[in-house]
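Everything on this sheet refers to the single structure shown next.
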Amino acid sequence: MNRNQRIHREIWMLLLAIVMGGLFMALMTFYYGKIMENAGVSSNELNHVYKYQYEMIVDSRNSTFWEAVYENARQEALAHDAVLELKGSESGENYSKADYMDMSIAAQVDGIILEYNGEEGLQEKIDEAANKGIPVVTIVNDAPISLRQSFVGINDYQLGQTYGEQVADLVDDHTKRILVLLNREQELGQNQLYGQIYSAVENKESSDQKIKIQSQNIMYQSQFDTEEAIRSIFQSPEGPPEILVCLDEVTTECAYQAMIDFNLVGEVKIIGYYTSRTIMDAVKKGLIPVTLAMDVEQIGIYSIEALTEYMEVGRANSYYTVDMDVITRDNWKQQEKQDEKQ
Amino acid sequence: MKNSKRRFRWRDMPLAVKVLFQVGMVAIILFSANILMYWQMNKTMQSLDMVYASNVDLTELAESLEAVQTDMYNYLTVKTSDSLENYYRSEAKYRILLERLNEQVMENPVKLLEKNIRKMSETYLDYTAETVLAKRGRNVEKYKGSYTDTLEMYRYLNSYISELNVQQFKNNSASYQALQSAIRYMEVASNVMLVLMMGVCIMMLFYMVKGVVAPLSGLAATANLVGQANFNVKMPPTDANDEVGVVTRAFNTMVSSLEEYMKLTKENMEKEQAMMERELLMENHLKEAQLKYLQSQINPHFLFNSLNAGAQLAMMEDAEKTSIFVERMADFFRYNVKKGSEDATLLEEVEAVENYIYILNVRFAGDIHFTTQVEEEVLDCKVPSMIIQPIVENAVNHGIRNIDWEGTIHLDIRSKGNQIRISVKDNGKGIEKERIRQILSGEIRSEEDQGDSTGIGMNNVISRLELYYNRKNLLTIESQGENQGTEVVIAIPVE
């Protein structure tokens, strides 16, 4: 009996050793598998096949504004069985938007989302794509006379109204000069914006005051144009304007930095655009009195919605309007929260 | 496990096989652990190799693309059939290479880039085909325009390929780093595992070997105890057929045999001891008896010779009775002296008694009526000497002396079962029961100072009988009471 028990113990010992060994090997294999997965060697996660491929072509794809727009649009695209790529000038590349359009057309993508900037030949490219059956959705800036399928953004009238209000609010007795920094080719829409700011200021100015409203196109051809252009404004013999209206993120940040560098805080009032970290910090400190921002979430979602609708139905709304937020020191906290949610 | 004899049982295997099996087991476990580790290591190495394979592929693709472009340019420049052939060849090759690229829409940026390159390449090849066709058709304007398009597309393609290359290189670097960390981890893990397995195996081996050796240790401890003369310990019974089992069983048998032998030897020694003691006692008694004779006989030989001379003298004088008397007396004393230390036959004993009675009757003028009844078959039987005569003497001295009636003594010897019964019966005074007890237990000795005695007392006879036959109660005394006579019976066992 005793002896039997002993033999059983031996068998148990053996089994235990084998089980332990097996367990350890399994654990090791499992852990190893995880490491390999992290290495991406055996990953299948990103290899899901989607139906459509869209491209988003913007000015500077590294700006936080476009990143936020892209991220929202990308999520929306994935939800609609599509993959969205972001194209745009990046350090080291010098393709124009027309080049990117060419590439997208050659790559036979299913749809293009384009930030139109009035660049030469770009409108023809939109038409070429449309003729090849690739729908083009313009965002933020419209190309109304092209064959684009749809526009997602705010119309120039509304934009002008909003800007006009903000400029008028900032006009006081010391205001002598207002400079609007345009970021696209001179054309109707921009003129409208300029015109509305002009009329708003005119209503506000007192009888003996003569406010000079100027506009300057700083649409950059090469990379550091914006920075240089703004510095030269601050260094000009007549001095910087009292109110500086910026229409994009990069311009706003450059103007803000120049204002600090030239020690003109309080003397130059900047109307900013978008809610990047730098701009929001400035608003929080009161250095930038107001900044305007289009709802990036809406831009992203609507642009994909337009493409999806075109794919499924064959046509889409020609105009999607998005909200414009006005962020001042009083309501920046709310906006912050909203951004965090996104 | 118990019932089936033919069944393969662990405990029946030789020790060598057991140890070999256990060590083999451990070796197999360690070996498989090693194999597993090598397998994983190998897998890792293969992945490591694969990491840069994709970049190599891309380089090939870029070279092929360049070949297409160059060959097309050459054809546009010189328009020989050779260059056209070259162009078609490189185009075909490029198409084959394109087949390897992904053409599905995926989130994975590398895959997506591959798809873009593939589609763009198709567009590019369409353009080149168009260009070549236009050149063949001598449509100068068209092929020049088309060539510009292909050139642009070629530029884009190259930038895409280089982007893909960069992207892949990034991925691969990450993979490579992860793989490297995997290898480092494997090194640690395999060491830990080896140490762990080794520990487990050593423990296992220890327990298993202990299991094999445990009965041996038990055996050694038990043997030690047995060596210290403790025969009560035994190994638990086993039916194992390995060496240990065999030794254990042999050991148990040995221990029980040893125990038996020891018991037997002890008994024998005890017996021998008792025997020696008895012999010593017997010798003592004989010596005592002989001493008494020597004391009473000044010089027996001289006496016998003198008596013989007297007997002859009596014959010569024709005094026949005197001659017989003297002769008998001589016989009696000679017997007494001669047989003092040896066994005698019953016949000799009876003769001695008869001589004694004759002497007494001569002395006391035939007062004693002595009768004998002896079975002839028993006469040759050996008995200790001088056992009957002292009893008869006792009967004469204490039984029938000084009685008023005629005293008779009857000697009866017969075989009874496996005994010889010697009875000496008188019709004398008898003995009280208390006195019988005292005599038999040796509490009183026959009076020493009795001048008219041959000297051998009752208790001497009793002692000698006991010693000789190694039994008690061979002699019994019976008396019905005063004046009722006495019967002394000796029961001699016949071997």
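A quick note: this is a predicted structure, and the numbers were derived from the prediction, not measured. Proteins get letters first, then strands, A, B, ... in listed order; numbering begins at 1 in each.
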**Asked** Would you call A:Asp99 and B:Arg155 a side-chain contact if the rule is heavy atoms closer than 4.5 Å?
**Response** yes
**Item:** Non-hydrogen atoms of A:Val49 and B:Met106 that approach each other most closely
**Value:** CG2-CE, 3.7 Å
**Item:** Max heavy-atom pair count under 4.5 Å with chain A, selected residue of B:Pro236, B:Ser121, B:Ser159
**Value:** B:Ser159
**Prompt:** In terms of heavy-atom proximity below 4.5 Å to chain B, should A:Leu84 be classed as side chain, backbone, both, or neither?
**Reply:** neither
**Prompt:** Any chance CD1 of A:Ile145 has more than 12 other-residue heavy atoms, nucleotides or ligands included, within less than 6.0 Å?
**Reply:** no
**Request:** Check each atom of B:Tyr124 against the heavy atoms of chain A and say whether the ones under 4.5 Å are side chain, backbone, both or neither.
**Result:** neither
**Heavy-atom side-chain proximity of B:Val105 to A:Tyr52 below 4.5 angstrom** = no
**Message:** Between A:Glu85 and B:Asn116, is there a side-chain heavy-atom distance shorter than 4.5 Å?
**Reply:** yes
**Request:** Decide if atom CZ of B:Phe251 counts as having more than 12 heavy atoms of other residues, nucleotides or ligands within a radius under 6.0 Å.
**Result:** yes
**Asked** After noting the C-alpha distance and the side-chain angles of B:Glu152 and A:Asp102, does the key distance pass the side chain to side chain contact (heavy atoms under 4.5 Å, CB included) rule?
**Response** CA-CA 9 Å; B:Glu152 195 163 61; A:Asp102 262 343; 3.2 Å; yes
**Message:** Show the nearest heavy-atom pair for residues B:Lys115 and A:Gln108, with the distance to one decimal.
**Reply:** NZ-O, 4.1 Å
**Message:** Between B:Met120 and A:Met103, is there a side-chain heavy-atom distance shorter than 4.5 Å?
**Reply:** yes
**Message:** Need one label for B:Ile117: side chain, backbone, both or neither, based on atoms under 4.5 Å from any heavy atom in chain A.
**Reply:** neither
**For the student: nearest non-hydrogen atoms of B:Met153 and A:Ala106, plus distance** = SD-CB, 3.3 Å
